[in-house]
Amino acid sequence: MKLVMVLVGLLVACLGGQGALAQGPGGANVKPEFQPAGPVTIIVPYSPGGGTDAVGRLIAKALQGMWGQSVIVDNKTGGNGSVGATLVARAAPDGRTMVLAVSGIAINAHLMNLPYDTATAFAPVTAVAYPVSTLIATPSLPANDLREFQTLVRKEGPDKRSFASPDPGSRLTAERIFDVAGIKLLNVPYKGAASFVLDVSEGRVDLGISSVTSGLSLLQSGRLKALGIMGTQRVAIMPELKTFKEQGFDGLEENSWYGLFAPAGTPPAVVKAIQSDIARALATPEIKAKLAEMGALPGGDTPEAFSERFQRDLRESGETIRRLGMKAE
């Protein structure tokens, strides 16, 4: 009996040295795909408290439990996200330093003088989540969805109605919607989301692009209306909001993304292993529910699929920026 207990102890010790075990379906232990040799840092290139930060901390907590290592969220703000991205572009390609970026990283490439080549400086890991964008409008607007608004603008003529854009990404999303609808509006640049949402609610500007959650309280109180949302499915926090596709507009099925990037040169096996662990975390009911509360949909795309999307966004954003004549501010 004593010999059996010694052998069992040795077996447990050996298994323990292989890293933490995650809970798989049915409660079974599943060895994580990636087992870093030390703490992992996810750089969030925006301020604490925002959507990117919330998603970063959510996934960091899940991965820390899977990997048995500290996963630190480090907010490195500045340069519309480029300060944090630069740190990762220069980091060791071992999977222990990554950046959680937004779609704007592709836009920065065309509007900023960057110390890295956006197309080649990173190894795309996965889209962690897709925040759902909505076209918000002042309550007095005589249109209740994009189809009615299309009719209104065509009747009134181009540039009679205005839309707010607090950043280049918001403007490109709005212009994409208007291109699909075949209408033209006057762009009103803003600094910061809070001020433009308030101005839309009070009628100083007609429309704006926002995440569902950013304007949620105003939408629920009737101080804003929504003309529709991007994507192919409705959101649980406001299920009455129709997608633009439901309204008959094709080409607006893709939302923006919160994407995780490692430095270029990170071994493909490491990138794939991290993506696999993230996909496993995103499949849990707890994380799905928390993302739904944020007005976002879970990602988990393969590195190949996300890389393809990233390169396409990089190319298409450049084409639109040149067509609109947008310049760095």
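All values reported here derive from a predicted model rather than from experimental measurement.
Asp301 and Arg309 are not joined by a salt bridge, as no carboxylate oxygen comes within less than 4.0 angstrom of a charged side-chain nitrogen. Look at Lys242 and Asp145 and you find no salt bridge, because none of the NZ, NE, NH1 or NH2 atoms lies under 4.0 Å from a carboxylate O.
Taking the centre of each ring, Phe310 and Phe122 stay at or above the 6.0 Å mark. The ring of Tyr190 has its center no closer than 6.0 angstrom to the ring center of Phe163.
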Hey, can you pull the donor-acceptor pairs under 3.5 Å for the side chains in residues 171-179, sequence neighbours left out?
from	atom 1	to	atom 2	distance (Å)
Arg171	NE	Glu175	OE2	3.2
Arg171	NH2	Glu175	OE2	3.4
Thr173	OG1	Gly169	O	3.1
Arg176	NH1	Glu254	O	3.4
Arg176	NH2	Gly251	O	3.2
Asp179	OD2	Arg323	NH2	2.8

Under 3.5 Å, side-chain donor or acceptor atoms of residues 102-110 against the rest of the protein: list the pairs with distances, not counting sequence neighbours.
from	atom 1	to	atom 2	distance (Å)
Ser103	OG	Trp257	N	3.0
Asn108	OD1	Asn80	ND2	2.9
Asn108	ND2	Asn80	O	3.0
His110	NE2	Leu314	O	2.7
His110	NE2	Gly318	N	3.4

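Dense packing is recorded around CD of Gln220, with more than 12 heavy atoms of other residues, nucleotides or ligands lying under 6.0 Å away.
Side-chain atoms of Ser211 and Ser214 form a donor-acceptor pair, as typed in the model, at a separation below 3.5 Å.
Taking hydrophobic clusters as Ile, Leu, Val, Met, Phe, Trp and Tyr residues chained together by side-chain heavy-atom distances below 4.5 Å, Leu260 shares a cluster with Met294. Grouping the Ile, Leu, Val, Met, Phe, Trp and Tyr side chains by contacts below 4.5 angstrom, directly or via other members, places Leu252 apart from Leu241. Under a hydrophobic-cluster definition in which Ile, Leu, Val, Met, Phe, Trp and Tyr are linked whenever side-chain heavy atoms come within less than 4.5 Å, directly or via other members, Val71 and Val128 are assigned to the same cluster. By the rule that hydrophobic residues join a cluster once side-chain heavy atoms approach within less than 4.5 Å of another member, Leu224 and Val212 end up as members of one cluster. Both Phe244 and Leu185 are assigned to one and the same hydrophobic cluster, defined by single-linkage of ILVMFWY side chains at heavy-atom distances under 4.5 Å.
Applying the side-chain contact (heavy atoms from CB on, under 4.5 Å) test between Val132 and each of Ile237, Thr213, Leu297 identifies Leu297 as the sole match.
For Pro139 against Ser201, the heavy-atom pair with the smallest separation is CD-O, 3.5 Å. Considering all non-hydrogen atoms of both residues, Val271 and Ala123 come closest at CG2-CB, 4.1 Å. Between Ala262 and Val125 the shortest heavy-atom distance is N-CG2, 3.8 Å. When all heavy atoms of Thr138 and Gly203 are compared, the closest pair comes out as OG1-CA, 3.4 Å. In terms of heavy atoms, Ala281 sits closest to Ala62 at CB-CB, 3.9 Å. When all heavy atoms of Ser162 and Val205 are compared, the pair lying nearest together is OG-CG2, 3.2 Å.
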Given Leu141 and Leu227, is the side chain to side chain contact (heavy atoms under 4.5 Å, CB included) satisfied, shown in steps? CA-CA 10 Å; Leu141 187 76; Leu227 303 188; 4.1 Å; yes
Given side chain to side chain contact (heavy atoms under 4.5 Å, CB included), test Val44 with Thr77 step by step and report yes or no. CA-CA 8 Å; Val44 170; Thr77 62; over 6 Å; no
With side chain to side chain contact (heavy atoms under 4.5 Å, CB included) as the test, would you mind laying out the steps for Asp53 and Val73 before giving the verdict? CA-CA 8 Å; Asp53 183 66; Val73 173; 3.9 Å; yes
Arg96 vs Gln69, side chain to side chain contact (heavy atoms under 4.5 Å, CB included): CA-CA, chis, key distance, verdict: CA-CA 11 Å; Arg96 289 179 54 192; Gln69 285 283 4; over 6 Å; no
Let's go through Gln64 and Lys61 carefully: what are the C-alpha distance in whole Å and the side-chain angles of both, what is the deciding distance for side chain to side chain donor-acceptor pair (under 3.5 Å) to 0.1 Å, and is it a yes or a no? CA-CA 5 Å; Gln64 183 166 290; Lys61 182 179 178 181; over 6 Å; no
Chi angles and distances behind the salt bridge (Lys or Arg N to Asp or Glu O under 4.0 Å) call for Glu240, Arg234: CA-CA 8 Å; Glu240 69 276 13; Arg234 299 191 187 191; over 6 Å; no
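Counting only heavy atoms from C-beta outward, the side chains of Val99 and Ile42 never approach each other to under 4.5 Å. Thr41 places none of its side-chain heavy atoms less than 4.5 Å from the side chain of Met98. The shortest distance between side-chain heavy atoms of Val153 and Lys160 does not fall below 4.5 Å. Here the side chains of Lys225 and Ile136 are not in contact, with every heavy-atom distance at 4.5 Å or above. Using a 4.5 Å heavy-atom cutoff, the side chains of Met230 and Thr243 are not in contact. Residues Pro142 and Leu152 have side chains in contact (heavy-atom distance under 4.5 Å, counting atoms from C-beta outward). The side-chain heavy atoms of Val200 and Asp206, taken from C-beta on, include no pair separated by under 4.5 Å. No side-chain heavy atom of Leu114 sits under 4.5 Å from any side-chain heavy atom of Thr86.
Both the sub-6.0 Å distance and the 45° axial angle are satisfied by Arg147 relative to the ring of Phe249.
In this structure, Leu216 CG and Ser221 OG are separated by 9.5 Å, a value rounded to the nearest 0.5 Å. To the nearest 0.5 Å, the span separating CZ on Arg223 from CG on Leu218 amounts to 5.0 Å. Summarising the geometry, atom CD belonging to Gln275 is positioned 10.0 Å from atom CZ belonging to Arg280; distances are rounded to the nearest 0.5 Å. Between atom CE of residue Met66 and atom CD1 of residue Ile274 there is a gap of 11.5 Å, rounded to the nearest 0.5 Å. Interatomic distance, CD1 of Ile59 versus NZ of Lys290, reported as 12.5 Å (0.5 Å rounding). Rounding to the nearest 0.5 Å gives a distance of 11.5 Å between OG1 of Thr52 and CZ of Arg57.
Here the side chain of Gln150 pairs no donor or acceptor atom with the backbone of Gly182 at under 3.5 angstrom. In this structure, the side chain of Glu253 does not engage the main chain of Gly231 through any donor-acceptor pair within 3.5 Å. With hydrogens and angles ignored, the 3.5 Å screen pairs a side-chain donor or acceptor of Thr266 with a backbone N or O of Pro263.
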